[in-house]
Amino acid sequence: MGSDLVVRFAGEGGQGQVTAAEGLAQAAAQVGYHVQTFATYPSQIEGGPTWAQTRVSTNTILTQGDQLDVLVALNRSAYETHIGELREGGVLIYNSKDFDEQLGGLSIGLDVDSLARATGNPRAANIIMIGAVAQLASMPADYFRQFIEARFRRGRANDDEIINGNIKALDVGFDAAAASGYRVNPLDPPPAIDRQRVLVKGNDFLSLGAIAAGLDIFIGYPISPATTILTFMEGNLNGEGKFVGQATSEIESIGAIVGAGYSGRKAMTSTAGPGLSLMGEGLGLAWMAEIPLVVCDVQRGGPATGLPTKTEQSDLLTALNPGHGDMRIPVIAPGSVEECWQAGIDAINWAERYQGPVILLTEMGVAERNEDVPRPDPSLVVAETRVVSDGSMGNKRYSGNGLAPFPVPGGPGAYVANASEHDEEGDTTHLPQVHVTQTERRFAKLKLLENGSYEAEHTESPIAIMPWGGSKGAARAAYQILRATGTELGWLYTMYLNPLPAALLEELRRKELVIVPELNYLGQFSGVLRGLGVNAHSITQYTGLPFKEQFLVERVREEIAARSGRLARV
Amino acid sequence: MGSDLVVRFAGEGGQGQVTAAEGLAQAAAQVGYHVQTFATYPSQIEGGPTWAQTRVSTNTILTQGDQLDVLVALNRSAYETHIGELREGGVLIYNSKDFDEQLGGLSIGLDVDSLARATGNPRAANIIMIGAVAQLASMPADYFRQFIEARFRRGRANDDEIINGNIKALDVGFDAAAASGYRVNPLDPPPAIDRQRVLVKGNDFLSLGAIAAGLDIFIGYPISPATTILTFMEGNLNGEGKFVGQATSEIESIGAIVGAGYSGRKAMTSTAGPGLSLMGEGLGLAWMAEIPLVVCDVQRGGPATGLPTKTEQSDLLTALNPGHGDMRIPVIAPGSVEECWQAGIDAINWAERYQGPVILLTEMGVAERNEDVPRPDPSLVVAETRVVSDGSMGNKRYSGNGLAPFPVPGGPGAYVANASEHDEEGDTTHLPQVHVTQTERRFAKLKLLENGSYEAEHTESPIAIMPWGGSKGAARAAYQILRATGTELGWLYTMYLNPLPAALLEELRRKELVIVPELNYLGQFSGVLRGLGVNAHSITQYTGLPFKEQFLVERVREEIAARSGRLARV
Amino acid sequence: MSKRNPEYDFKWCPGCGDFGVVRAVEMAIGRRAAERGESIEKTVIVAGIGCSGNLVHLQEGPQPFGIHGIHGRTLPIAYGIKAGRPDLNVLIAAGDGDFLSIGMEHIGPQAKRNLDVTAVVMDNGIYGLTKGQASPTTMLGVVTPTTPYGKLEDAINPLELYLTLGVSFVASGISTKPRELAGLIQQGMDHPGFAIVHVQSPCTTYNDTYEALKGNPEKGIEPGAFDIPADHDPADRSAAIALAGNKAIPIGLLYQRADSTPMQQRLTEARARTKVRTRSVDDLLTGLHI
Amino acid sequence: MSKRNPEYDFKWCPGCGDFGVVRAVEMAIGRRAAERGESIEKTVIVAGIGCSGNLVHLQEGPQPFGIHGIHGRTLPIAYGIKAGRPDLNVLIAAGDGDFLSIGMEHIGPQAKRNLDVTAVVMDNGIYGLTKGQASPTTMLGVVTPTTPYGKLEDAINPLELYLTLGVSFVASGISTKPRELAGLIQQGMDHPGFAIVHVQSPCTTYNDTYEALKGNPEKGIEPGAFDIPADHDPADRSAAIALAGNKAIPIGLLYQRADSTPMQQRLTEARARTKVRTRSVDDLLTGLHI
Ligand SMILES: Cc1ncc(C[n+]2csc(CCOP(=O)(O)OP(=O)(O)O)c2C)c(N)n1
Ligand SMILES: Cc1ncc(C[n+]2csc(CCOP(=O)(O)OP(=O)(O)O)c2C)c(N)n1
Ligand code: SF4
Ligand code: SF4
Ligand SMILES: [Mg+2]
Ligand SMILES: [Mg+2]
């Protein structure tokens, strides 16, 4: 455990917690540590309970960390809310300006604002806190000086001045912590620096993946926590033939990307639950008229306006079945920031491959967290593109039992892309046999997506844990702890939720019990799996926060103990 | 079988098939027969393949009838499409103006238009056809004369003239059929006329039920096949405090009935799939802020614009889970026109009882068909009304683990009905514990609805058939045939799909196999049941038409034969 | 559609105004393609849901592309098509209910972007396909199945609305004059920006307005429509607004903004002005290096 | 809310214009209730989603009812409340994004019905809560996170839009003058029909327009807003439209229709006129007898 450090900065919105956490992560990553951040805050611009956390490790990091080595409490209420999570031997740093009573345990009172002002840079409070944390964790000051060099050296006239000011702030933090005499378990030195790593957030990485797969058109409407995909695209998806637009509503977004997909381009939008709910009819149109497009849903707490800035995995049922009638939309749900890159690529590829809508289902917890991940090589990306009609089919858009070449407007093969049931040329018909054939053909195309990859370990075990999406990390950590402590448990995981990789589905059906940790009330994915003939049962949590490793360890033990006669909650 | 007559009128839209079928039904009902009609047509005002069917029986009628005793074919294509369904010994009447080649079998060529013109009433073609059918089925001419008396005697100066003209037309039909010398199995005389019966369509009966339960406000947007609910309400929901409005979209409808429900009134809207898809976010708001209201979804073929005038049961998943986040909306799905009355009452009552949104899920096949049903006694209706806050809870809208009195604007107990997560007064908060408590409280309220009635027969059988919605009739007919032919099979049925009656769910979980006939591709209800721990398997059909009895008999036999290892299709 | 399917081809009622509109659309796109030496496949018709939208399935001769989507969403779809393929000619065919009721929200945004498409709105003052309910252009007091006491809402004045929303080309046509209508549609397509051709297209089944539009001196019915005087200057927005405010419906070209800059051009110019550097994914990843 | 929850109470940024608006709303509804001897619970605030909508949670003193729903849907909800309870006073609080972007479709229909509610639109020319993206009132060319090359769409002129859509009471206020604003809101509530009070309410964090609105002669900044001259006749719709067309924003009452008949009154009158007979369910069933 000496290789691991978990620090939380807690207080009110506007006190710079997120900047501090990200700064610490950046500094630690710069010198070779693995890092992961997590932040949670209310849906307002100012104030409200806000905290951000950084985990630094010499190992690959799975979660934001259950227990805190250092808690930085910027006000009394933050102290009261979070002190229970400080591990034994952990250190509290508190804002002595806000509350300076005598606190028990290892605690350091710092009036960070005054200290910052004293350095001549009133905005250096974050750097002071980072310095204090680094000292407590015995991280060499040099690392952080390097970080400040790298971060603030930008070729400006006053670079030196800025750098020196920040180094001063760093030292203030170091000294204050040193004076306390406290120490948390010292971090081992970082592994050799791997310059082939990048520090990135889920939303950015996913956007990069989509661009790498050839995304042409992005049209979206702002909504937390998906807005940063829209702004990333506005900033970075440009050049010949590329178009990014802010829509006036999600109904406009989905209509627009249907049009863009129909026009022959690779199109995408991003939204969160409320927007997804508004896109049901449009997604039905895309399914019915077989238009390639991607809707990225960054889940937050639901339903309705819900908890706009909290994390939850409760949009799965809607993603699979966003609107009326028979449809089942392909869903890809990345389990970590690292997987976001490939998920972005695959979502675009899937849409092109089966000629229809795909939902890229991510979540606030993955979207906004920073992770250091291996730098992907864009030149290795295989971008799939629909086969375009050469006109040899006349005006036929559809034929036979599966896919047909896609006629692109301007080229040959004019037809009508039709949201009503239709014949091969897109002419409306309600003849019973046509509806049967076309329905079966639309579903048959999902077969093209059943070859996704998945993880499987200890398949001999009759019981497996199978998380989805952002619960992967905590589930993996729990799985490792459980295996290490002698629990017989298999591991199954995929980011391809629909259609499931065919071989994985077989594997799942063989299991006596599949335990599905998920962040929702209904146990949505386990319900879907039971529908598919898998004896799945969920471990649910609906607090707006991610799982903790230890919570899952205990709950999995309980599930295994009570494994017989598992039934759904509702 | 002598007690039964099935007649189909088939041709192109605009040729009066629906009027003829309804006229025949009305005439037969007037004289004491049981009747049921069915019609199917394309989504256009003129033309397109259209047919309508009437079943007349001395017994209670379960379906529109598998095989035809009489086919009236108004053009060649109708003849070709439908002749295969004419039973052996059945009679074809065809429009000899359109195609007068020699046809095999028992066929009567009538130039109905010329014959009608000859009676002096060019619009009497329907009456002529009814006369011919009556003669073929040996129904006494007197019955139909009575019907014409009753129908056309309206106190106008020229009543006699009109009545005589129509009787003449009737006789023309009688004579033509008599001249052919053909006969179908003669109908037994009708049972004693039960003046306590009404002849009604599903949409009208359901509207009447809702009004009887105290509906105050109805706001809806036109869409087939739900428009007739809107027009029924416009015509009949009036008086002090009542309001009916045509919205400008389904997004406006749902918002408006949220407002009306919040204001303390009983509110409802009606729509079909495309509208339901647009209401997902608004339904989430109603779920979250706990606003009583009813959305009636009259299913048609889906997805997207789909098959606007065909019948399907493919909106179930959307009804249960219309939008993002954790919710599971109560759903009531009447299985026949007769059940529509109680379904209308219960939907309003449920909304009031648990303080939240309810979906009344019906379908084109039930909505538009005529059935003779016992006349309900409105004075026996128990209308439930939410308990209104007396202000003793201060500004608290929610409390404890369940329901609290509902503060009505204008009265005491001001609070904010909030679509974001909220505390007891409706103030927005994202505190984890509050989201947990409120989520659990919202779901706990569903318990108040778990005491619905259900049908159960032969519960000793390890295998049961359990249809839902409008597939009830055909399933019931198949069940009776199967039992009569020695198949061991139980019967389970309820119109309360969510929450299922608690005792029924227990019963279902005890079954080895539950066979669910449903009109969709995915096998939506059986998937839901498997999610609930029931080994259910669907018999699906997705033609846009209702089940036939004989089809289900055969398919059930197959299911029973292959019962082991049942898995979902997708 | 290229082939006819008598078994299920859509049919309008005899006398429906939409017959005139489909003829005009065919004339306009056919003639325009010929004039520019373009293939007809460079044109896409985006259709709404209603009797009117079925126009997309009833094109004779060489087939344009079409998309027949969901109720009220022609404009968002058209926006996406132009975002993807600015080179295509996009024509919208929608009813008054589709365009002005459920789809009303989409007009303003496209006007503000000056999306380079042409919308042909077939106004019969009624919901035809759903059997005769009131639409936004149905007059106050009219009785329909959904307005048994007479319509309670004021009618919309579509021409005035378009002008205020900033639509850069506003014309008004009538289905009984398909040749003139074709001319307006073609002008709209040539206009660089958002064009709306609002067409009086009577519904013989639910709202037969032929006589009301034409007038009938014998019955003392004043004509409900009149030709825009030749001296009207379409560049004059106030004059156009005044025309639109008339009790009778002006037929002809009301307004065409002179300096109309469509969406795509705005984007191209802005990108050039701000000298945006297109960075490859590789570059972007390098920017994230630890 | 009646009690304060320091743990999670919503807060606006220092200097946010919405502080002035909440004060004005409190003044208006408090004073009006007192004047009419009505309890404050007869008032319902229907709030949109945005920083602005949080006004509903920040009422001081005796609490009105409130509903804080989903983004853009204040007007449909208000329509339903008035359909259910015409006796309630309904006040809407929404942002420019909520009311004029995603919610834009709902303005016209309520204007056509002349729904008897008052909408207070807090216009900061930006999406505040989602961190500073362009809104429909953001000016052409302005750079925001979603418009890196400058906004490509023309801005909406909300006052002109309301007037064309037929809103029967249109006023314009500014958050720095809460007393005057309260007066306008109260007038709007007294108006029998659809009233909109459009308020300039600057966002100090993402779009600080205090100076632009007030002007700064030293920097040569002309005032962006001006008081409507005392001689303006609010019954004169053309004069109102002319005022709205001004480059600077007119503050005060622009327009009030004299013969304003709200929805509920239309219905009551129509029912009386057509002598509708209310038939009981029993009667209706009897009509269906075989
Ligand atoms: C979301 C949705 N709501 C309602 C409908 C039903 N619907 C089909 S067409 C139509 C209105 C048709 O009126 P209009 O647009 O004026 O076209 P017209 O038939 O008069 O040409 C409606 C309400 C639908 N298809 N989808
Ligand atoms: C359906 C939906 N889409 C998007 C959002 C995200 N969202 C919340 S507030 C807002 C815009 C806020 O702007 P405005 O209405 O101007 O209010 P302000 O914060 O500026 O007062 C958006 C887009 C949402 N909550 N719901
Ligand atoms: S109903 Fe009216 S609009 Fe529709 S096809 Fe017939 S005449 Fe035309
Ligand atoms: S972001 Fe702007 S609108 Fe929102 S509270 Fe802050 S200043 Fe006010
Ligand atoms: Mg119309
Ligand atoms: Mg704003």
Side-chain angles (χ1 to χ4, degrees), chain A residues 12-14 41-50 75-78 80-81 218-238 243-253 270-275 277-278 300 302-310 544, chain D residues 5-16 18 47-54 57-58 67-73 96-106 124 126-136 138 143-153 156 203-206:
Chain A
E12 228 194 343
Y41 44 86
S43 177
Q44 60 199 59
I45 303 302
E46 274 273 327
T50 297
N75 61 25
R76 160 163 291 285
S77 133
E80 284 165 0
T81 308
F218 186 97
I219 292 172
Y221 187 69
I223 186 166
S224 307
T227 308
T228 49
I229 299 178
L230 171 60
T231 50
F232 188 95
M233 294 297 183
E234 287 281 8
N236 298 303
L237 180 64
N238 48 40
F243 183 95
V244 186
Q246 178 180 337
T248 52
S249 74
E250 291 85 354
I251 292 194
E252 192 182 61
S253 303
S270 65
T271 190
S277 289
L278 289 168
R300 57 193 219 178
T305 308
L307 295 93
T309 55
K310 300 290 161 177
Chain D
N5 306 291
E7 243 187 323
Y8 51 78
D9 269 1
F10 182 87
K11 279 187 200 139
W12 285 310
C13 311
C16 177
D18 297 349
I49 302 296
C51 295
S52 39
N54 281 294
H57 298 292
L58 300 170
I67 178 163
H68 198 183
I70 47 181
H71 190 41
R73 311 305 170 194
D96 48 331
D98 188 282
F99 201 75
L100 292 167
S101 181
I102 189 169
M104 197 276 217
E105 65 193 279
H106 304 299
N124 52 14
I126 210 81
Y127 284 15
L129 192 59
T130 49
K131 298 182 188 270
Q133 301 80 21
S135 94
T138 305
V143 172
T144 76
T146 48
T147 57
Y149 325 121
K151 191 178 170 209
L152 299 176
E153 294 91 6
I156 265 185
C203 169
T204 39
T205 300
Y206 298 112

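Fair warning: this is a prediction, and the values are worked out from it, not measured in the lab. First the proteins, then the strands, lettered A, B, ... as listed; each starts at 1.
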Taking side chain as everything from C-beta outward and backbone as N, CA, C, O, which of these in A:Glu12 sits under 4.5 Å from a heavy atom of chain D? Side chain, backbone, both or neither.
side chain

Just verifying a value: how many Å separate A:Ile45 CD1 and D:Cys16 SG, rounded to the nearest 0.5 Å?
10.0 Å

Below 4.5 Å, heavy atoms only, C-beta onward: do A:Glu252 and D:Ile102 meet side chain to side chain?
no

Which pair of non-hydrogen atoms, one from D:Ser101 and one from A:Thr248, has the smallest distance, and what is that distance?
OG-O, 2.7 Å

CD of A:Glu234 to OH of D:Tyr149, rounded to nearest 0.5 Å, is 7.0 Å

Please classify the contact between A:Thr227 and chain D as side chain, backbone, both or neither, with a heavy-atom cut-off of under 4.5 Å.
side chain

Which answer fits D:Ile70, side chain, backbone, both or neither, if we ask what part of it has an atom under 4.5 Å from a heavy atom of chain A?
both

Gap separating the CD1 atom of D:Ile49 from the OG1 atom of A:Thr305, nearest 0.5 angstrom:
4.0 Å

Rounded to the nearest 0.5 Å, what's the gap from CD on A:Glu46 to OG1 on D:Thr204? Could you check?
8.0 Å

Ignoring hydrogens and angles, tell me if any N or O in the side chain of A:Gln246 forms a donor-acceptor pair with the backbone of D:Ala134 under 3.5 Å.
yes

If you compare all heavy atoms of A:Gly235 against all heavy atoms of D:Pro148, which two are closest, and at what distance to 0.1 Å?
N-CG, 4.5 Å

Contacting moiety of D:Thr146, where chain A heavy atoms sit under 4.5 Å
both

Max heavy-atom pairs within cutoff under 4.5 Å with chain A, candidates D:Lys131, D:His71, D:Met104, D:Lys151, goes to D:His71

What part of D:Cys13 gets closer than 4.5 Å to chain A, counting heavy atoms only: side chain, backbone, both or neither?
both

Which atoms of A:Pro49 are under 4.5 Å from chain D, going by heavy atoms: the side chain, the backbone, both sets, or neither?
both

Tell me the closest heavy-atom pair linking A:Ser43 and D:Phe10, and the distance in Å.
O-CE1, 3.8 Å

